[in-house]
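Structure record follows, encoded as structure tokens.
Not measured: the values here are computed from a predicted model.
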Amino acid sequence: MSRLGTLGARLYRGEVGYDFVAKRKIWYGISILITITAIVGLAVRGLNMGIEFSGGAIFNTKKTSVSADAAKQVAEEASGHTAIVQKTGDGKLRVQVSELTEQKSRVTQQALAKKLNVSTDEINTDIVGPSWGEEIADKAWTGLAVFMILVVIYLAIAFEWRMALAALVALIHDLTITVGIYALVGFEVTPGTVIGLLTILGYSLYDTVVVFDGLKESAKDITKQTRWTYSEIANRSLNGTLVRSINTTVVALLPVAGLLFIGGGFLGAGMLNDISLALFVGLAAGAYSSIFIATPLVADLKERDPQMKALTRRVHAKRAAQAARADSAQDEAGSQGVEDDDEPQDASPAGVVGQRRQPVSRNRGGRGGKRR
């Protein structure tokens with residue numbers, strides 16, 4: 001068995017582990033700091049909305065020797081807005097400019113035709129109105145709201161309301177971080193981004209449900225024992241599924257990282273960035289929230305229950321009694337050792353009772369001598 005498999009088995013059996021739940025205040029602090037950074041980035045920089053949401057024009061040219069940088073400069077000077085230019089594999093250019101009116105679109109088209117030394121008709125122009133993007137955004141928000149409601153209802157029925165609330169907090173945590181990073185990085189928000197955001201919710205929820213299922217089984221009839229508190233059982237369940245969560249996340253992140261860093265970075269396939277960044281950040285944040293946020297939050301909420309408070313008191317009382325008995329036994333053993341050291345050297349061995357010392361015989365003439 002591999003080392004990772006051996007570690008997973010030992011974590012599952014509770015032989016080794018890390019106390020995630022006891023250090024939950026640290027994880028809460030880290031999450032709050034990251035979330036505040038994401039919200040500040042979103043408020044200061046805002047989202048770079050794509051043409052599908054803000055409206056604008058897309059210009060497709062024929063094969064040309066003009067570079068993408070030169071075409072971008074011409075488009076920005078003519079339109080007065082930031083342009084995104086991509087050169088396809090067959091030598092064609094795709095120029096995208098947001099927030100363009102129909103009049104500005106014609107001016108930009110004419111400037112590009114002049115730069116490429118072609119007629120205006122040879123540049124295909126598609127004008128996108130902002131109303132279409134608004135419709136997509138409204139449907140995305142509606143789908144997100146319905147998804148959240150269904151998740152809360154399902155988890156409340158399958159598990160309990162505390163787990164449903166913790167899962168909802170974890171999902172909002174993942175969405176906030178992902179959107180904030182989009183604002184900080186400045187990547188364009190497209191319909192692909194929306195698809196990526198909705199996709200990561202499923203991955204995040206999967207890890208959380210796996211941990212919750214193990215916790216539900218481990219906490220069955222928990223009040224009938226006095227060995228573990230609820231927080232300790234939650235931590236054991238989390239450690240039992242830790243290796244599975246890590247393996248699942250790493251396997252999912254590898255192809256997404258290939259899209260983001262190789263496809264979007266080295267190969268310059270910018271259209272892959274919108275969905276790959278959402279998936280990469282969301283998957284990483286989802287794994288983090290499942291381990292460091294959802295389960296500790298459930299333990300926090302559960303420990304407020306009167307039955308769990310009573311259980312915690314019984315567990316601590318039992319441990320205190322066991323510690324007191326161990327200390328008493330140790331003191332008795334120590335005192336017994338002191339008494340043994342004070343005994344004379346010719347004392348009877350311990351455990352030998354009623355043994356009498358025989359007097360030393362003196363041979364007066366010897367037993368074999370003649371009596372007179």
Side-chain angles (χ1 to χ4, degrees), residues 26-56 81-84 96-99 128 130-149 151-152 165-205 207-208 249 253 256-257 259-261 264-265 270-294 297:
I26 299 176
W27 320 133
Y28 293 165
I30 294 174
S31 294
I32 291 173
L33 181 61
I34 296 175
T35 303
I36 291 175
T37 304
I39 293 174
V40 170
L42 184 62
V44 173
R45 299 196 59 177
L47 291 173
N48 180 21
M49 305 302 292
I51 191 173
E52 294 86 357
F53 296 100
S54 59
H81 296 279
T82 303
I84 299 175
Q96 177 179 311
V97 185
S98 300
E99 301 178 1
V128 180
S131 59
W132 185 74
E134 292 176 0
E135 184 179 353
I136 291 180
D138 291 340
K139 290 183 178 180
W141 283 113
T142 302
L144 180 61
V146 172
F147 175 82
M148 293 289 192
I149 293 172
V151 164
V152 171
L165 179 60
L168 180 62
V169 171
L171 290 177
I172 295 174
H173 168 272
D174 300 341
L175 282 176
T176 304
I177 291 178
T178 306
V179 173
I181 290 181
Y182 253 89
L184 292 172
V185 174
F187 277 18
E188 188 179 30
V189 178
T190 66
T193 306
V194 177
I195 295 172
L197 288 174
L198 295 177
T199 303
I200 64 174
L201 298 180
Y203 281 100
S204 175
L205 190 63
D207 275 345
T208 303
T249 303
L253 280 176
V256 176
L259 285 175
L260 179 61
F261 298 108
M271 296 181 66
L272 296 175
N273 290 337
D274 50 3
I275 189 171
S276 58
L277 179 64
L279 290 175
F280 186 84
V281 176
L283 288 173
Y288 173 85
S289 65
S290 299
I291 297 172
F292 297 98
I293 302 298
L297 185 56

Can you find a heavy atom in the side chain of [X] that is under 4.5 Å from one in the side chain of [Y]?
| X | Y | value |
| --- | --- | --- |
| His173 | Ile177 | yes |
| Ile39 | Ile36 | no |
| Phe147 | Leu198 | no |
| Tyr28 | Leu297 | yes |
| Ile30 | Phe292 | no |

Taking atom [atom1] of [X] and atom [atom2] of [Y], what is their separation to the nearest 0.5 Å?
| X | Y | atom1 | atom2 | result |
| --- | --- | --- | --- | --- |
| Leu201 | Asp174 | CG | CG | 7.5 Å |
| Ile293 | Leu171 | CD1 | CG | 12.5 Å |
| Leu279 | Ile195 | CG | CD1 | 10.0 Å |
| Leu144 | Ile172 | CG | CD1 | 9.0 Å |
| Thr249 | Ile291 | OG1 | CD1 | 6.5 Å |
| Ile32 | Thr37 | CD1 | OG1 | 11.5 Å |

Consider side-chain contact (heavy atoms from CB on, under 4.5 Å). Of Ile275, Ile200, Ile181, Leu253, which one does Phe280 pass it with?
Leu253
How far apart are the closest heavy atoms of [X] and [Y], and which atoms are they?
| X | Y | value |
| --- | --- | --- |
| Ser204 | Ser290 | O-OG, 3.4 Å |
| Ala183 | Gly41 | CB-O, 3.7 Å |
| Ala83 | Val97 | CB-CG2, 3.8 Å |
| Ala167 | Leu205 | CB-CD1, 4.3 Å |
| Arg45 | Leu184 | NH1-O, 2.6 Å |

